[in-house]
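Just so it is clear, the values below take in all heavy atoms, side chains as well, and ignore hydrogens, waters and symmetry mates. Per chain, numbering begins at 1; letters A, B, ... match sequence-line order. Since the structure is predicted, the reported quantities are computational estimates derived from the model, not experimental observations.
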Amino acid sequence: MKRLYSEASKVSSLPLVRKISPSTDRIFTEEEKAGFLASQRIALNAAKEVSQLAQEGWTEKQAAILFDTVLKDYGVKAYFHFPFVWFGDRTRFDGVKKYANFAPSNRVLQPGEIVIYDVAPIYKGYVSDIGYTTSFGENPELEKARAFLKDLRKKIVELFLASHKGGEVWATIDALIRQAGYDNIHSKYPFSVLGHRVHRDLSESMAGIKLWNFGWQSAWSLASRGLFGQLLSEGHKGSMIGLWAVEPHIGGKDFGAKFEEILVIEPDRVYWLESEVVW
Amino acid sequence: MHEVRIESHTERRVFRGLSTGWLESGNRQGPILLFLHGFPDGPQIWDKQAEAFAKDFHIVRPYARGVYPSDPAPNISRYGTDGFALDCLSILDEIDPARSRPIVCLGHDLGAAHAWHLSGLLGNRLKALVIFNGASLAQMFYRYRSSPKQLLKSWYIAFMQLPAVPEVFFAAGSLLPEVGGLSLKKVGASFNQYRAFAKEFPKKVTGIKRLSKPTLVLWGKADPYLNPPTLDEFERFASDVQIRILEGGHWIYVEKAQEVNALLKKFFDQIGVLNEKTLQ
């Protein structure tokens with residue numbers, strides 16, 4: 001890991017790399033924020049649309065393919081990461097032991113199951129990353145989880161206003177989740193990320209090149225900027241100014257639930273790019 | 001069987017920026033018969049079946065992507081089985097938002113490939129599948145591997161992959177009333193389905209789940225494009241299948257409409273679809 005960080009830092013400090021991948025540790029203009037918001041809204045609308053079309057018996061793979069088809073209808077040509085869809089207990093990553101296990105599987109959708117749709121499209125160069133949790137039929141556990149996540153959403157803004165230190169906020173969110181009786185499922189993500197920076201001017205070319213469901217653009221855009229500063233992980237240090245896709249993911253007995261949206265962190269202001277809760 | 005002339009009307013909706021059209025007729029409370037036409041046809045090719053079953057069934061006949069009034073797709077992949085499945089799912093949710101009525105999917109030619117794929121996405125809403133002179137992508141892959149004769153019969157699929165040539169051919173053809181008995185005017189951009197299928201092929205031919213719903217195959221024996229099927233072949237793809245090979249050609253349901261309609265009625269009675277007007 002230290003080696004990886006060291007190599008990423010070397011790459012990101014090269015002058016040409018800095019020119020191609022400028023720092024995102026800054027205040028974004030209103031026009032830029034509108035571009036990110038458009039990308040996020042398309043992603044979330046597509047998730048809702050495919051969830052409404054879902055039928056009993058679909059596999060995660062089938063759902064992910066149709067999710068991709070809907071997104072392409074809306075003009076998405078490339079991805080930071082391709083669609084993930086998880087059903088039932090896979091929403092809390094039970095049985096996930098390696099990166100490849102996160103990918104959509106042949107798991108079949110059953111009535112009443114919780115479903116997470118997660119995608120990070122690149123739309124006109126702007127990356128967004130959304131997580132949308134729903135259920136296929138009524139599920140009272142999801143309603144409770146959603147209520148908690150809505151409170152957490154408000155709390156995240158308060159925490160970042162009080163402290164711009166990413167590692168501290170990560171630890172507080174972790175404690176809040178556990179106090180509420182849930183498991184911290186985002187700690188199972190690569191690098192245990194609670195979130196990551198989002199970038200603009202990402203290429204939409206060679207869109208089919210991917211590794212573990214991530215487009216080549218994600219590896220480049222993160223590594224070319226030093227990698228770890230781009231990730232809101234437990235040990236995050238450094239500036240938090242900029243735009244972040246924040247994704248608290250909680251786990252109940254046999255399910256997981258999350259939301260993921262872009263958070264704007266400026267020196268005097270912290271706010272969600274989408275002001276109202278739309279999930 | 002009493003054939004009643006029923007008026008169809010064209011419905012058109014914009015789903016995700018793409019205009020999608022279908023013909024609708026029949027009994028709006030009945031089980032749904034979803035007819036998927038092939039190439040180079042339009043949904044009117046099913047008129048004799050639409051008339052025959054209008055009294056008891058809700059008849060829905062989508063226009064393939066690229067056949068007016070269904071818009072051409074923004075990219076080739078969108079003509080494939082996933083894109084058209086999305087269109088059909090959107091149409092079905094439009095006409096049966098409660099998802100309470102059973103569906104029988106019927107497909108011919110390229111429409112058969114679409115019908116196979118859609119059947120895997122309808123869950124318990126699917127009551128049965130009916131195939132006329134057509135096959136799924138997985139089944140075509142099986143045929144190409146096992147029959148050089150089938151490979152040769154499919155020469156036109158290679159023609160459709162050429163850049164620009166099919167576009168010029170079909171544009172020129174649309175100026176003529178008929179070419180070889182076919183009207184090319186209504187083809188639109190739908191020949192791109194062949195290109196989309198070629199792109200999808202590697203991903204759609206292995207790991208396919210066998211369909212467990214009742215499947216009826218009606219096949220015109222003298223088909224210049226497709227070898228006659230065998231039970232052994234179809235049973236690789238469906239566990240409850242029956243095949244009837246009829247005297248006739250590729251468009252058997254037009255040539256022998258009365259005979260085909262009688263077989264369809266018998267099949268519908270056998271599976272009891274009319275006893276199940278709403279899903280449990």
Side-chain angles (χ1 to χ4, degrees), chain A residues 38 41-79 82-83 85 87 103-113 115 117 119 121 123-124 136-138 204-205 207-208 210 213, chain B residues 13-20 65 70-94 96-100 102-103 105 114 116-126 196 199-200 202-204 206-213 279-280:
Chain A
R41 282 181 174 165
I42 277 176
L44 194 52
N45 287 341
K48 287 179 181 175
E49 195 158 339
V50 77
S51 76
Q52 279 159 13
L53 289 171
Q55 321 263 326
E56 187 179 342
W58 278 19
T59 64
E60 290 178 352
K61 281 182 184 169
Q62 284 173 324
I65 288 169
L66 291 175
F67 195 4
D68 168 63
T69 309
V70 170
L71 284 157
K72 287 188 169 135
D73 276 359
Y74 283 132
V76 169
K77 296 187 177 111
Y79 295 99
F82 287 71
V85 182
F87 297 158
S105 70
N106 289 321
R107 173 63 184 270
V108 168
L109 183 61
Q110 305 289 345
E113 276 193 326
V115 184
Y117 297 89
V119 71
Y123 180 65
K124 296 183 180 174
F136 187 62
E138 282 182 21
E204 292 170 280
S205 307
K210 61 177 173 176
N213 228 33
Chain B
R13 297 285 186 277
V14 176
F15 298 125
R16 294 169 297 282
L18 282 175
S19 176
T20 303
R65 183 56 54 205
S70 287
D71 282 342
N75 57 69
I76 295 297
S77 298
R78 189 53 174 83
Y79 288 95
T81 53
D82 293 310
F84 194 57
L86 206 57
D87 295 334
C88 290
L89 290 169
S90 298
I91 292 170
L92 288 168
D93 274 2
E94 186 76 15
D96 180 23
R99 297 186 181 179
S100 62
I103 300 165
C105 223
H114 287 303
W116 272 110
H117 185 66
L118 180 63
S119 293
L121 294 168
L122 285 172
N124 285 337
R125 294 168 81 189
L126 180 76
K199 283 182 88 170
E200 280 188 5
K203 291 184 214 163
K204 292 277 165 70
T206 55
I208 305 298
K209 210 169 133 193
R210 231 163 141 228
L211 187 67
S212 59
K213 296 292 168 94
L279 295 167
Q280 298 309 311

| task | For B/Thr81 and B/Glu200, run side-chain contact (heavy atoms from CB on, under 4.5 Å): C-alpha distance rounded to whole Å, both residues' side-chain angles, the deciding distance at 0.1 Å, then the answer. | result | CA-CA 8 Å; B/Thr81 53; B/Glu200 280 188 5; 2.6 Å; yes

| task | Could you walk me through whether A/Tyr79 and A/Asp68 pass side-chain hydrogen bond (donor to acceptor under 3.5 Å, both in side chains), step by step? | result | CA-CA 10 Å; A/Tyr79 295 99; A/Asp68 168 63; 2.7 Å; yes

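Partners of B/Lys209 by side chain to side chain contact (heavy atoms under 4.5 Å, CB included), not counting sequence neighbours: none found. Evaluation of the side chain to side chain contact (heavy atoms under 4.5 Å, CB included) rule for B/Arg13 yields B/Glu11, B/Phe15, B/Trp22, B/Glu94 as partners, not counting sequence neighbours.
Contact count versus chain B (heavy atoms, under 4.5 Å) is highest, among A/Val108, A/Leu109, A/Val70, for A/Val70. With chain A as partner, the option from B/Asn75, B/Asp93, B/Leu92, B/Leu121 having the largest number of non-hydrogen pairs under 4.5 angstrom is B/Leu121.
Contact of A/Gln52 with chain B is made through the backbone alone, with heavy-atom distances under 4.5 Å. The parts of B/Ser90 that come within reach of chain A are both its backbone and its side chain, each placing non-hydrogen atoms under 4.5 angstrom from that chain. For A/Leu53, the parts lying near chain B are the backbone and the side chain together; criterion is any non-hydrogen pair under 4.5 Å. Heavy atoms closer than 4.5 Å to chain A are found in the side chain of B/Leu18, but not in its backbone. For a residue to count as touching a neighbouring chain, one of its non-hydrogen atoms must lie under 4.5 Å from one of that chain's; by this rule A/Ala46 does not touch chain B.
Looking at every heavy atom in both residues, B/Ala85 comes nearest to B/His117 through CB-CD2, 3.9 Å.
When atom types are taken as modelled, the side chain of A/Lys72 and the backbone of B/Arg78 share no donor-acceptor pair closer than 3.5 angstrom.
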